[in-house]
Amino acid sequence: MALLSGKKALIFGVANERSIAWGIAQALHREGCELGFTFLGEALEKRVRPLAESVGSKLILPCDVAADAQIDAVYSEVAKAWGKFDVLVHAIAFAKKEDLAGDYVSTSRDGFHLAMDVSAYSLVAITRPAVPLLNPGASIFALTYYGSEKVSPHYNVMGVAKAALEASVRYLASDLGPKGIRVNAISAGPIKTLAASGISGFKDKLKMAAANNPLRRTILQEEVGNAGLYLASHLSSAVTGEVHYVDAGANIMAESVPEEKKEGEA
Ligand code: NAP
């Protein structure tokens, strides 16, 4: 039997076919999970709807996670269509372009609030109304990045937001554990997506990752998808409040790897 047969997952954060959330959606679909999607704005609906329909989804709903009324509207549709569900995926982040370039010290109050609201608080905002609709054994997970722990050039306010997101994962795991609901994060290595293209010097991050991590390569969207499948399924039934790294081992490296010696060199 498929790992997620009879289960239902609601996925926030598919923008297009390159989205990490789409890699997760495909892995969950492969293992028999029924999927629902949210999208931000009409322009994205044009991209998200065909993707969602390609995996048989009938639940495709608009949602700006900064607007409580839109979140409530999503869950009233979910309750009508599904009653209860099993998996909640948070793959959302946003910061002003100018706050993902230059120095962190230049971050405006407004930019800080926006990044924290959309990228960190939104996990609480979409979890609270989900709780009454989640089955025991349900799994919630969010996407994060190592820039939450160590300084990553130009990641700036997003690093601070991801640190808050990861702390939020631990507090939510503690709150919801007694209800049998697990909450985790996946810390993914750099992948070229729409959101990533907003980070100044992102190409250098990709090059650095491939040159310096133990596997000497960047990671694939489908590899994050498979980690999502693990966290969504009973295979991770005792795992909660954790950050799960899918970064080709980058987080274990204290320093950059010296350039490989050329043949014949001592
Ligand atoms: P992506 O495809 O651009 O997905 C980001 C999603 O967030 C988009 O669907 C975006 O919609 C949505 N979003 C932004 N503001 C929103 C709002 N107010 N309400 C609802 N949705 C909103 O990029 P991605 O790289 O797959 O990002 C997914 C997650 O993975 C993010 O949390 C990101 O930080 C994390 N992550 C990415 C990488 C990487 O290297 N790509 C690495 C580690 C972690 P719009 O496009 O309309 O703004």
Side-chain angles (χ1 to χ4, degrees), residues 10-26 37-49 51-52 60-71 73-74 89-97 99-100 113-123 125-126 141-150 152 154-166 168-169 185-199 201-210 213 218-225 227-228 243-248 250-251:
L10 181 63
I11 301 181
F12 287 75
V14 174
N16 57 36
E17 70 289 347
R18 284 174 175 256
S19 295
I20 290 179
W22 181 239
I24 293 166
Q26 288 173 297
F37 295 89
T38 69
F39 61 87
L40 176 66
E42 274 171 34
L44 273 198
E45 182 176 10
K46 288 199 187 91
R47 288 178 184 260
V48 177
R49 189 166 285 281
L51 290 173
I60 308 160
L61 303 163
C63 188
D64 178 346
V65 293
D68 289 329
Q70 293 192 29
I71 295 174
V74 165
V89 181
H90 176 286
I92 285 171
F94 186 77
K96 290 182 178 180
K97 202 165 170 57
D99 290 332
L100 298 173
H113 283 167
L114 179 66
M116 289 294 266
D117 187 24
V118 174
S119 315
Y121 180 73
S122 58
L123 178 63
I126 67 169
F141 57 92
L143 270 298
T144 187
Y145 179 63
Y146 191 48
S148 62
E149 296 172 52
K150 302 284 179 193
S152 174
H154 308 304
Y155 202 57
N156 296 356
V157 70
M158 192 53 73
V160 177
K162 292 299 192 192
L165 180 74
E166 290 170 25
S168 216
V169 161
I186 297 175
S187 183
I191 299 185
K192 203 173 160 208
T193 61
L194 206 59
S197 63
I199 303 164
F202 184 76
K203 276 190 192 147
D204 297 333
K205 271 193 217 304
L206 282 172
K207 270 195 217 149
M208 282 283 287
N213 68 39
T218 51
I219 62 152
L220 305 172
Q221 181 195 35
E222 69 184 75
E223 292 174 317
V224 188
V243 176
H244 190 80
Y245 294 93
V246 183
D247 63 356
N251 72 91

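Position 1 is the first residue of the sequence, and the numbers go up from there. All values reported here derive from a predicted model rather than from experimental measurement. Note that ligands are numbered from 1 as they come in the structure, with each ligand's atoms numbered from 1 the same way. Basis for what follows: all heavy atoms, side chains included, without hydrogens, waters or symmetry-related copies.
Looking at residues two or more places apart in sequence or on another chain, you find a side-chain hydrogen bond (donor to acceptor under 3.5 Å, both in side chains) between Glu149 and Tyr245. In this structure, Glu17 has no salt bridge (Lys or Arg N to Asp or Glu O under 4.0 Å) partners at least two apart in sequence or on a different chain. Residues meeting the side-chain hydrogen bond (donor to acceptor under 3.5 Å, both in side chains) test with Thr38, sequence neighbours left out: none.
By the 30° and 60° cut-offs, the orientation of the rings of Tyr155 relative to Tyr145 is perpendicular.
In this structure, the side chain of Lys205 does not engage the main chain of Gly189 through any donor-acceptor pair within 3.5 Å.
Residues lining ligand 1 at a heavy-atom distance below 4.0 Å are given as Gly13, Val14, Ala15, Ser19, Ile20, Leu40, Leu44, Cys63, Asp64, Val65, Ala91, Ile92, Ala93, Phe94, Val118, Leu143, Thr144, Tyr145, Lys162, Ala188, Gly189, Pro190, Ile191, Thr193, Leu194, Ala195, Ala196, Phe202, ordered by chain and residue number.
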**Study point:** Verdict with reasoning, Leu10 to Val74, per side chain to side chain contact (heavy atoms under 4.5 Å, CB included)
**Key:** CA-CA 10 Å; Leu10 181 63; Val74 165; 4.1 Å; yes
